[in-house]
Undergrad: 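Here's a structure for you.
As the structure is a computational prediction, the values presented were derived from the model and not from experiment. Because only heavy atoms are used, hydrogens play no part in the values below, and waters and symmetry mates are left out as well, while side chains stay in.
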Amino acid sequence: MALLLTLHPANPQPRLLKQAAQWLQDGGLIALPTDSSYAVVARLDDKDAADRLRRLRGLDERHHLTLLCRDLAEIGHFARVDNRQYRLLKLATPGPWTFILEATREVPRRVSHPSRKTIGIRVPGNPVALALLEQAGAPLLSTTLIPKDEEDALNDAEEISQRYAHELAAVIDAGACPQSPTTVIDLTGGEPAVLRRGSGDPATLGLV
């Protein structure tokens, strides 16, 4: 049964964050509010948890999963970033953006794109998400919580807890959460390419 964990939206309780991080360490999946919508997260180095995350969403291996990172320095450890890309990342993070970048060797091959060797990367602006990342001490593998065969992301903690009672270890409830997914931008080509429009307005980054 997915437990509903109520955290303060601005100052999440350390004891509850530690409990959530332990569930991740034990191989559980957690639904986490972000500055776009809810995401499902798992440990990056847990193959079984990553497989269950894909099954929950109905995703194949060619769908980009995303690493939730704490800051730009952590992004640079898991993705190759040149000066042009860095300037855009610095402007956009933290925020409701996912950037497709070339993965470094620190990213397990089973979670990067099988042919392009790329990965989604983001730094969320949500205080609870950032606090859990700090408690976990490492990036978390994630995907937007959009139910299989549906188009809209979920944003209600109680609904998620009931709907995924047997798939999730816990659902974090930190109050109101947006319902729009991140805006996805591919930075691996000559020019940034907007792959999905979501919470982030590309115009604020000088993109159309």
Undergrad: Output the distance between atom CG (L17) and atom CD (Q135), rounded to the nearest 0.5 Å.
TA: 6.0 Å

Undergrad: Any salt bridge (charged side-chain N to carboxylate O under 4.0 Å, His left out) involving residues 117-134? Give me the pairs, sequence neighbours left out, ordered by first then second residue.
TA: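 Listed once each, the pairs are D35-R122, R70-E134.
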
Undergrad: Does any non-hydrogen side-chain atom of R52 lie less than 4.5 Å from one of L29?
TA: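 L29 vs R52: side chains touch.
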
Undergrad: Over all heavy atoms of both residues, which pair between R197 and P202 is shortest? Give the atoms and the distance, please.
TA: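 Looking at all heavy atoms of both residues, the closest pair is NH1-CG, 3.3 Å.
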
Undergrad: Can you list the other members of the hydrophobic cluster that holds V184, where links are side-chain heavy atoms under 4.5 angstrom apart?
TA: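 ILVMFWY cluster around V184 also holds I100, L195.
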
Undergrad: So does A39 get a backbone contact from the side chain of S142, meaning a donor-acceptor N/O pair under 3.5 Å?
TA: no

Undergrad: Are any of the side-chain heavy atoms of P192 and L88 separated by less than 4.5 Å?
TA: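 In short, these two side chains touch, coming nearer than 4.5 Å.
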
Undergrad: Any sub-3.5 Å donor-acceptor pair from T93's side-chain atoms to L89's backbone N or O?
TA: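 Such a contact is found between T93 side chain and L89 backbone.
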
Undergrad: Report yes if some heavy atom in the side chain of T66 is under 4.5 Å from a heavy atom in the side chain of I119; otherwise report no.
TA: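 They are not in contact (no side-chain heavy atoms under 4.5 Å apart), so the answer is no.
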
Undergrad: Step by step, work out the side chain to side chain donor-acceptor pair (under 3.5 Å) result for T143 and R57.
TA: CA-CA 8 Å; T143 184; R57 278 286 319 277; 2.7 Å; yes

Undergrad: Are the side chain of R43 and the backbone N or O of Q25 linked by a donor-acceptor pair below 3.5 Å?
TA: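 Pair found, side chain donor or acceptor close to backbone of Q25.
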
Undergrad: Tell me the closest heavy-atom pair linking L130 and C69, and the distance in Å.
TA: CD2-O, 4.4 Å

Undergrad: Is D26 reaching over with its side chain to a backbone N or O of G28, donor-acceptor style, under 3.5 angstrom?
TA: no

Undergrad: Is a side-chain N or O of S180 found less than 3.5 angstrom from the main chain of S36, in a donor-acceptor match?
TA: no

Undergrad: To the nearest 0.5 Å, how far apart are CG in L4 and CD in Q162?
TA: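 Going from the CG atom of L4 to the CD atom of Q162 covers 9.0 Å.
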
Undergrad: If you define the side chain from C-beta out and look only at heavy atoms, does anything of D60 sit under 4.5 Å from R54?
TA: no

Undergrad: Going through the checks in order, is the side-chain contact (heavy atoms from CB on, under 4.5 Å) test met by L168 and I30?
TA: CA-CA 6 Å; L168 299 173; I30 290 181; over 6 Å; no

Undergrad: With rounding to the nearest 0.5 Å, note down the distance linking CZ in R116 to CG in L101.
TA: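 One finds 10.0 Å between CZ of R116 and CG of L101.
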
Undergrad: For side-chain contact (heavy atoms from CB on, under 4.5 Å), just list the numbers for L53 and L56, CA-CA rounded to whole Å, side-chain angles, deciding distance to a tenth of an Å, and then say yes or no.
TA: CA-CA 5 Å; L53 186 151; L56 183 147; 5.8 Å; no

Undergrad: If you define the side chain from C-beta out and look only at heavy atoms, does anything of Y164 sit under 4.5 Å from V40?
TA: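 Side-chain contact under 4.5 Å: no.
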
Undergrad: Once rounded to the nearest 0.5 Å, what's the spacing between atom NZ of K18 and atom CG of L16?
TA: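 Reported value, rounded in 0.5 Å steps: 12.0 Å.
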
Undergrad: For the backbone of D82 and the side chain of Q85, can you confirm whether one donor and one acceptor N or O come within less than 3.5 Å of each other?
TA: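 Side chain of Q85 to backbone of D82, a donor-acceptor pair under 3.5 Å: yes, one is there.
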
Undergrad: How far apart are the C-alpha atoms of F99 and V81, what are their side-chain angles, what is the distance that settles it, and do they pass the side-chain contact (heavy atoms from CB on, under 4.5 Å) test?
TA: CA-CA 11 Å; F99 295 97; V81 180; over 6 Å; no

Undergrad: Would you find more than 12 non-hydrogen atoms of other residues, nucleotides or ligands less than 6.0 Å from E150 atom CD?
TA: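 Yes, CD of E150 has more than 12 neighbouring heavy atoms, counting only those of other groups under 6.0 Å.
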
Undergrad: Could you go through the side-chain contact (heavy atoms from CB on, under 4.5 Å) check for I121 and W97 one step at a time?
TA: CA-CA 8 Å; I121 295 275; W97 310 89; over 6 Å; no

Undergrad: Does the side chain of L44 come within less than 4.5 Å of F78's, by heavy atoms?
TA: yes

Undergrad: So how far is it from D71 CG to L133 CG, rounded to the nearest 0.5 Å?
TA: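 If I round to the nearest 0.5 Å, the distance is 9.5 Å.
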
Undergrad: Could you tell me whether the side chain of T98 and the main chain of G120 form a donor-acceptor pair under 3.5 Å?
TA: no

Undergrad: Let me check something: do L65 and I146 share a hydrophobic cluster, defined by ILVMFWY side-chain heavy atoms less than 4.5 Å apart, either directly or through other members?
TA: no

Undergrad: Which pairs count as salt bridge (charged side-chain N to carboxylate O under 4.0 Å, His left out) when at least one residue sits in residues 94-112, sequence neighbours excluded?
TA: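 Listed once each, the pairs are R80-E102.
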
Undergrad: Quick one: are V41 and L24 in side-chain contact, heavy atoms under 4.5 Å?
TA: yes

Undergrad: Could you walk me through whether H64 and T118 pass the side chain to side chain donor-acceptor pair (under 3.5 Å) test, one step at a time?
TA: CA-CA 8 Å; H64 275 106; T118 49; 2.6 Å; yes

Undergrad: Compute whether any side-chain donor of one residue and acceptor of the other, for R196 and T182, lie under 3.5 angstrom apart.
TA: yes

Undergrad: With rounding to the nearest 0.5 Å, note down the distance linking CG in L32 to CG in L68.
TA: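 One finds 7.0 Å between CG of L32 and CG of L68.
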
Undergrad: If you take all heavy atoms of T204 and D201, which pair is closest and at what distance?
TA: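 Taking every non-hydrogen atom into account, OG1-O, 2.7 Å.
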
Undergrad: Closest approach of A49 and G27, non-hydrogen atoms and distance?
TA: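 Residues A49 and G27, closest heavy atoms: CB-O, 3.9 Å.
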
Undergrad: Kindly give the heavy-atom pair with the smallest separation between L145 and A31, and that separation in Å.
TA: CD2-CB, 4.2 Å

Undergrad: Are D51 and R55 close enough for a salt bridge, meaning some N to O gap below 4.0 Å?
TA: no

Undergrad: Using every non-hydrogen atom in the two residues, find where A174 and Y38 come nearest and quote the distance to one decimal.
TA: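 Heavy atoms of A174 and Y38 come nearest at N-OH, 4.4 Å.
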
Undergrad: Taking side chain as C-beta onward, heavy atoms only, is S37 less than 4.5 Å from T144?
TA: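 A side-chain contact exists here, since the closest heavy-atom pair is under 4.5 Å.
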
Undergrad: Knowing that exactly one of D173, L132, I172 qualifies, which makes a side chain to side chain contact (heavy atoms under 4.5 Å, CB included) with L7?
TA: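 Only match with L7 under side chain to side chain contact (heavy atoms under 4.5 Å, CB included): I172.
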
